[in-house]
Each structure stands twice: as structure tokens, then as C-alpha cells.
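Report on one structure; see the data block that follows.
All values reported here derive from a predicted model rather than from experimental measurement.
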Amino acid sequence: MSQPDRRGMLSTTAQVAGLVAVVSVPAAVVALTPLAPAVALLFVGVVPAFLALPHGRRAAVVGVIATSALVGAVELVKPWPLAAAALMVLVGVVVGATAARGWQNTAAISAGWPATLLIAAPFRVEGLAWLADGPWPVLAPIGLSLLGGAWTILIGSLFLTGVPASPLEALDGRTAARYGAGLAFLLGLAAYLTATWFPGTMAGWVLLTILVTVRPGASETKRRLLARSAGTIAGGTAAALLALVLPIPMILVLAGLVAMIVSIAIQLRGVHYAWYVTVLTAGVVLLNARGENVLPVELQRVGSTALGAVLIVALILVAETALRARPFRLNHRRPDIRRQ
């Protein structure tokens with residue numbers, strides 16, 4: 001790499017890192033309020049906004065609204081395993097449909113975090129009992145997600161200039177259909193099993209594992225499974241060690257926020273997937289734990305990742321036609337600047 005190219009890459013990386021830090025200001029503020037346990041919901045809206053914004057504000061707005069709507073739907077269907085399974089089947093179909101236009105990676109990553117909430121306990125904030133009444137258990141998560149996304153779009157539209165948009169790798173119709181069918185089957189089955197046997201836990205992470213590791217080709221899916229497993233163990237171990245050394249809730253929350261900021265920057269820069277999973281896992285564990293319960297949170301996450309891996313491998317072995325490694329046509333789509 002030439003010296004000018006290296007300087008350009010470093011400049012872009014610094015720009016993205018600085019922007020992510022500014023975007024995280026609302027999360028840092030919320031972390032200092034009684035809403036601190038719900039601070040992770042702000043990042044639900046931040047992720048689709050950041051990933052889609054290089055392709056235009058309209059794409060970012062659509063992504064934030066769709067993701068926030070999914071958050072609300074997740075809160076509505078939590079008590080019923082069949083409804084949870086139906087919702088995840090729909091998510092799989094939609095992600096598969098977006099693959100025909102090259103948006104499958106953004107759609108899968110954006111749907112991943114809301115999916116983790118599907119099996120968790122209903123939205124509650126200790127000390128704010130009114131949020132548990134009426135429509136607030138649904139509206140409050142939607143509002144936090146929209147706030148994170150709206151702030152990201154506002155700041156990003158002002159300062160995210162010169163960051164190139166990655167090409168959209170569209171799949172042909174048949175491959176996209178198989179990909180969506182495989183996702184729908186795995187997500188529906190996993191949602192029903194976890195909602196029936198493990199309600200109120202972090203078992204929803206199995207859905208995230210499926211969304212971010214399943215790819216149209218079996219060989220690529222297996223590579224991502226290995227990277228995800230290694231990253232989950234490494235990130236969780238780092239978070240547990242930090243909690244043992246500094247078991248102070250506020251420090252753990254702030255450390256979790258920093259890890260989330262870094263994970264978004266890593267995702268935007270296209271760093272190896274294992275590093276992204278390592279940093280993301282550390283952030284998630286720290287934001288969902290309070291000192292003494294970091295280890296149980298990490299064990300639930302590792303168990304969910306393992307269950308997701310088993311389901312994916314089983315689908316590859318039993319129904320290879322759904323995820324077999326075969327050549328597929330990529331249509332590189334560039335953003336239409338005239339429409340932005």
C-alpha cells in the first residue's frame with residue numbers, strides 16, 4: 001500500500017471513529033440516568049443508520065424505522081412461542097428478499113439485536129415502575145431505538161463525508177430465495193424452541209448467531225461460525241476479567257459503551273469478523289451485567305452461540321441444497337448519487 005493510500009485509510013478510520021464517538025453521546029448521557037439498564041436499545045437504531053448512511057439518507061431512514069418497528073413487534077409477541085416463531089420466519093423471508101438487491105448483510109446485522117430481545121424478559125427498568133404499564137413496554141424500546149437512529153442520521157449527514165459506500169453484492173433470484181428459506185426455517189425453529197424452553201433468558205442470542213453467520217454458501221457459513229465462536233469466548237472472557245478487577249457498575253457500563261463504539265467502527269472498516277465479534281461480545285456482556293453476574297451472562301451467550309451453531313450445521317448436513325457452496329452471481333450495485 002502506498003504512503004498516500006495509507007494516510008487516506010488512517011484518515012477515514014479516524015473520521016469514522018470520531019463520528020461514532022459523537023453519535024454515542026446520547027448513550028453516555030442515558031447511562032448516567034435511571035434509564036441506564038436500557039442504554040443498549042439506543043444502539044439498536046444506531047447500527048442500521050451507520051451501515052446504510054453511506055448509501056444515502058433515505059436508506060438510513062428506512063433502516064432505522066424498520067429496525068425500530070421490529071423492536072416493537074418483538075415486545076408484542078414475547079409471551080407466545082408460536083407468534084415468536086412466526087415473526088422470525090418473516091424476518092428470514094425479508095432478509096432473503098433484500099439479498100436480491102444486495103442489502104442482506106445490512107438487513108441481517110440490523111435485525112440481529114432486536115432478535116436477541118425476543119426471548120428476554122419484557123422491557124422493565126428498575127425504579128421506573130410506570131414504564132411497565134400500558135403501552136410503555138412497547139413504546140419505550142421503540143422510542144430509544146428511534147432516538148439512537150435519528151441522532152446518528154443527523155450527525156452522520158453533517159460529518160460522514162468522503163467515507164466510501166461498500167458495493168452492494170446482489171444475489172440472483174434463486175440463490176436469494178434459498179438463502180431466505182434457510183434463514184426462515186432456522187430462525188422459526190430456534191425462536192419456537194427457545195421461547196418455549198428458555199423464556200426470560202438471553203437465549204435470543206441464538207437468533208443473532210443465525211442471522212450474522214448464515215450465508216448463501218456453506219463454506220463461508222462454516223468460516224463465520226468458527227470466527228463467531230472464537231470471538232464470543234474471547235470477548236466474554238475479557239469482560240469477565242474486567243468485572244472481577246473493577247466490579248463497579250458505572251465503570252462496567254462505560255466500558256461497555258466504549259466497546260460498542262469500537263465494534264461499530266470495526267464493522268464500518270471491514271476488519272476481520274472475529275475481531276468484531278470479540279469487541280461486540282465484550283460490550284454486550286458489560287451492558288447487560290452488573291459486576292457479580294457477568295459470568296452467568298457470558299455463559300448464556302456462549303450457550304446460545306453453541307445452540308445456533310448446532311442448528312446451522314444440522315441444516316447444512318441435512319438440507320445441503322439450501323446452503324450448499326456453489327457459485328452464484330454477484331451484481332455489484334453502486335449507490336445512485338443522483339437520488340440521494
Side-chain angles (χ1 to χ4, degrees), residues 8-9 12-13 15-16 19-20 44-70 90-115 149 152-153 156-157 160-184 187 208 210-221 223-224 227 263-273 276-277 280 322-323 325-340:
M9 187 180 71
T12 300
T13 300
Q15 181 184 11
V16 170
L19 180 59
V20 172
V44 174
V46 169
V47 172
F50 249 123
L51 295 180
L53 196 55
H55 296 278
R57 286 190 297 272
R58 183 172 63 180
V61 170
V62 171
V64 170
I65 292 176
T67 303
S68 301
L70 179 57
L90 178 61
V91 168
V93 171
V94 170
V95 172
T98 65
R101 298 182 63 84
W103 287 98
Q104 65 273 20
N105 291 336
T106 299
I109 294 172
S110 299
W113 200 306
T152 300
I153 293 173
S157 297
L160 192 62
T161 57
V163 176
S166 58
L168 301 178
E169 299 180 342
L171 308 182
D172 64 84
R174 182 175 297 180
T175 303
R178 284 200 304 268
Y179 170 59
L183 270 181
L187 290 172
L208 174 63
I210 292 169
L211 279 164
V212 300
T213 56
V214 172
R215 286 296 180 266
S219 58
E220 183 183 357
T221 298
R223 286 195 298 271
R224 289 178 73 88
S263 72
I264 294 175
I266 286 176
Q267 176 68 27
L268 286 172
R269 294 303 304 152
V271 179
H272 193 280
Y273 181 67
Y276 167 70
V277 174
L280 177 66
L323 290 173
R326 58 177 292 180
F328 54 88
R329 186 171 66 254
L330 294 179
N331 300 320
H332 293 274
R333 300 170 60 90
R334 297 288 181 178
D336 188 350
I337 303 301
R338 295 171 298 177
R339 295 184 179 180
Q340 295 181 13

Query raised in the report: What are the two closest heavy atoms between A60 and A49, and how far apart are they?
Result: CB-O, 3.9 Å
Report summary line: Minimal heavy-atom distance between P114 and T67, with the atoms involved, is CG-CG2, 3.8 Å
Query raised in the report: Closest approach of A115 and L211, non-hydrogen atoms and distance?
Result: CB-CD1, 4.1 Å
Requested in this report: Give a yes or no answer on whether the side chain of E169 reaches the backbone of Q104 with a donor-acceptor pair at less than 3.5 Å.
Outcome: no
Query raised in the report: Between T175 and L171, what is the shortest heavy-atom contact and its length?
Result: CG2-CD1, 4.0 Å
Query - Y179 versus G96, closest heavy-atom pair with distance - result: CD2-CA, 4.1 Å
Query raised in the report: Judged by atom type as modelled, is there a donor-acceptor pair below 3.5 Å linking the side chain of R224 to the main-chain atoms of V212?
Result: yes
Query raised in the report: Mind checking what makes side chain to side chain contact (heavy atoms under 4.5 Å, CB included) contact with A227, not counting sequence neighbours?
Result: H272, Y273, A274
Query raised in the report: What's the spacing between I210 CD1 and L187 CG if we round to 0.5 Å?
Result: 5.0 Å
Query raised in the report: Hey, are the side chains of V91 and L70 touching, using non-hydrogen atoms and a 4.5 Å cut-off?
Result: yes
Requested in this report: Indicate yes or no: at least one non-hydrogen side-chain atom of S68 is less than 4.5 angstrom from one of V44.
Outcome: no
Query raised in the report: Could you state the interatomic distance from CD1 (I109) to CZ (F50), rounded to the nearest 0.5 Å?
Result: 14.0 Å
Query raised in the report: With a 4.5 Å limit on heavy-atom distance, are the side chains of H55 and L168 in contact?
Result: yes
Requested in this report: Check whether any side-chain heavy atom of T152 sits under 4.5 Å from a side-chain heavy atom of V64, and report yes or no.
Outcome: no
Query - Taking every non-hydrogen atom, the tightest pair across A170 and A100 - result: CB-O, 3.4 Å
Query - Atom pair CZ (R215) and CG (N105), whose distance is rounded to the nearest 0.5 Å - result: 4.5 Å
